[in-house]
Amino acid sequence: MTVKEKIDQLRADLHRHNYNYYVLNAPEISDKEFDDRMRELQELEKEHPEYQDDNSPTMRVGSDLNKNFTQVAHKYPMLSLGNTYSESEVTDFYDRVKKALNEDFEICCELKYDGTSISLTYENGKLVRAVTRGDGEKGDDVTDNVKTIRTIPLVLHGSYPELFEIRGEILMPWEVFEELNREKEAREEPLFANPRNAASGTLKLQNSAIVASRKLDAYLYYLLGEELPCDGHYENLQAAAGWGFKTSEHMKKAHSLEEVFEYIRYWDTERKNLPVATDGIVLKVNSMRQQKNLGFTAKSPRWAIAYKFQAERALTRLNKVTYQVGRTGAVTPVANLDPVQLSGTIVKRASLHNADIIEGLDLHIGDMVYVEKGGEIIPKITGVDKDARSMLIGEKVKFITHCPECGSKLIRYEGEAAHYCPNETSCPPQIKGKIEHFISRKAMNIDGLGPETVDMFYRLGLIKNTADLYQLTADDIKNLDRMGEKSAENIIKGIEASKEVPFERVLFALGIRFVGETVAKKIAKSFNDIDELENANLEKLINIDEIGEKIAQSILTYFANPLNRELIERLKSTGLQLYRREEDLSGYTDKLAGQSIVISGVFTHHSRDEYKELIEKNGGKNVGSISAKTSFILAGENMGPAKLEKAHKLGIKLMSEDEFLTLIS
Ligand code: IVH
């Protein structure tokens, strides 16, 4: 067998096993065998780049190359559906169709999947493009990201039309979504509100390798093209399933209004057992010929309609309110409830956000409270059933005055809703959070260490602050739970390597309140070393571009604490870059000093992030939206019409990529 034949065979095999596993749920080989074959193919492809193929199963692994999305016009506009909320509106729709067609018709009933819509184009059986809905006329080309979704076929089987589009919904299954949010919670990152946001956010990530790790799924529900196999929409989708697509197994043809209602009533409760989010039912006239007759209004088809389920609400008892302390010391009140079934999960806890919300609800322990999910995953309390209050009602909920973890008196900053525990240096969740932030990718990027390991080290008393990390030895940790010689060495190596991390990132890693990445960069540019920063007064600090009084105050407060100063001394003595090296400054100029620059469109020489970095390195400021204060727009290809018009109206100059590069060179 030639190498080419071997590659072709592996590709065909892997496509088939992928389909068996992900679409049919009926694997024929073990995961290990699958991985082994995938690895074999990856190696052969690496050795033989001449046989590269954009639709190889290896494309599913994604790549960490950054890219900006190109906008692509939809061949057929992507319309939305008219929404209805009651059975009588559904009856109206049915009667309108009946009257307009004046002949027998079938209605295809489907679930309305609550994700983000996608349009896929296939040419000669290969996926050539995947485009988001965008504004309906044009969307973002997210092909590389979509290729990582295992249920979307890259290559089709059977007899399919030469050219067609198929549309559907990209979803993040509940299970994946909940896991992702748990991870985010552990890292104290903002959570995704619901699987829809998580799916669309993931699809727009620049790094397709991360997309691949997020385990998205897709259901296809609409076939478009000039040469479709059948007149029936339902039958077309059955055919598409035969070519390798994942379509919904819950589609059903109805022949009367009563059958439509049966479907709606059944799924209103049964949908809670589905692995993905749904927010309604879609009703479509089945015959494409009849669809054509009915046509479209400006916004939506006359042949289809959505029926939306009501947001779910449950009534349950509030048992107590507990408080969580985060890395920054922010204290979140959490309602502890009698367990109650809501949208497919059992809810025991709901966020109460802050003291004002509690006050607004006039909450008492023992109250019967309304909990809602309404598309949001983190349940919230939306009201109190005051009529249910009896003589036995408990105390009014009063926000705590002292930290539940360390006992410090809480403070509330002016203009902020949250309460904070000010004990930054010895409140356990704050210490752990600070260490987690310190080791994170954008800070010291310490390989091999994660939140769980930090938690274990902290619990065992091995570390109490970030400087303690540098005192650890492999011997200290190799016998710990789930550790071993190899991982212990890796951790120590990672810690050692972090001594090369430049000043600006070390500053960010310290976790000074309000000192994010950008501010840290500005500070690193303005001071030679940490001692200079430590001795700076308010005036000197607010003279730095982008540093206002709030940030300056926070820096002063940080250094006023002797424990922080002691920590810095220890970090200094371990050899961290707490000073600026000559090479850190190379590439920095003042050429764009005082200029506010908007980046818009698609670029060829550098990515958007690189341009942002270039603007900052040259003393400029990258801003998000165009205003009278914008100095110029760094304009790539395909700038949106609304932005163009605004720039024109305000008389703001557009600068091309090449002009910009010349300007700063
Ligand atoms: S059909 C022209 N079918 O709902 C009609 N849409 O507001 C094309 N959706 O943007 C859409 N499940 O994202 C159709 N079974 C289904 C659907 C569905 C979810 C979404 C889709 C669309 C929106 C309509």
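Below, each value reflects all heavy atoms present in this structure, side chains not excepted, and no hydrogens, waters or symmetry copies. Note that ligands are numbered from 1 as they come in the structure, with each ligand's atoms numbered from 1 the same way. Residue numbers run from 1 in the order of the sequence given.
Considering backbone and side-chain atoms alike, Tyr222 places every N or O at 3.5 Å or more from each N or O of ligand 1. Considering both main-chain and side-chain atoms, Ser80 never comes within under 3.5 Å of ligand 1 through any nitrogen or oxygen pair. Between Leu79 and ligand 1, no N or O atom pair is found at a separation short of 3.5 Å. Polar contact with ligand 1: present for Glu169 (N/O pair, distance under 3.5 Å). For Trp303, no nitrogen or oxygen atom sits less than 3.5 Å from a nitrogen or oxygen atom of ligand 1, counting backbone and side chain alike.
Neither the backbone nor the side chain of Arg167 has a heavy atom within less than 4.0 Å of ligand 1. If you look at Asn83 next to ligand 1, there are no close heavy atoms at all, none under 4.0 Å. When heavy-atom distances to ligand 1 are checked against a 4.0 Å cut-off, Leu81 comes that close through both its backbone and its side chain.
Nearest protein heavy-atom neighbour of atom 3 (N) of ligand 1: Lys284 NZ, 3.0 Å. The nearest heavy-atom contact from the protein to atom 15 (N) of ligand 1 is Glu110 OE1, 2.8 Å.
We find that Glu165 and Lys75 are not joined by a salt bridge, their nearest charged nitrogen and carboxylate oxygen being 4.0 Å or further apart. Glu89 and Lys308 are not joined by a salt bridge, as no carboxylate oxygen comes within less than 4.0 angstrom of a charged side-chain nitrogen. Ion pairing between Glu103 and Arg289 holds under the 4.0 Å rule for side-chain N and carboxylate O.
Of all the atoms in ligand 1, the ones that sit under 4.0 Å from a non-hydrogen atom of Pro301 are 2 (C). Heavy-atom contacts of Leu111 reach the following atoms of ligand 1: 12 (N), 15 (N), 16 (C) (cutoff under 4.0 Å). Of all the atoms in ligand 1, the ones that sit under 4.0 Å from a non-hydrogen atom of Lys112 are 4 (O), 12 (N), 19 (C). Per-residue contacts place Ser117 under 4.0 angstrom from the following atoms of ligand 1 (heavy atoms of the residue considered): 10 (O), 13 (O).
Between the side chains of Asn286 and Glu235, at least one donor N or O sits under 3.5 Å from an acceptor N or O. Side chains of Ser56 and Glu45: a donor on one and an acceptor on the other come within 3.5 Å. For the 3.5 Å distance criterion, the side chains of Thr143 and Asp141 qualify, holding a donor opposite an acceptor.
Sorted by first then second residue, the side chain to side chain donor-acceptor pair (under 3.5 Å) pairs that include residues 212-222, not counting sequence neighbours, are Thr151-Asp217, Glu169-Tyr221, Thr202-Arg214, Asp217-Lys246.
Here the two rings, on Tyr21 and Phe34, have centers that are 6.0 Å apart or farther.
If you run ring pair (Phe, Tyr, Trp, His ring centres under 6.0 Å) between His157 and each of Tyr19, Trp243, Phe245, only Tyr19 comes through.
Evaluated by nearest non-hydrogen atom to atom 6 (N) of ligand 1, the leading choice among Tyr113, Tyr76, Tyr221, Tyr219 is Tyr221.
Nearest heavy-atom pair across Trp174 and Pro195 is CZ3-CG, 3.6 Å.
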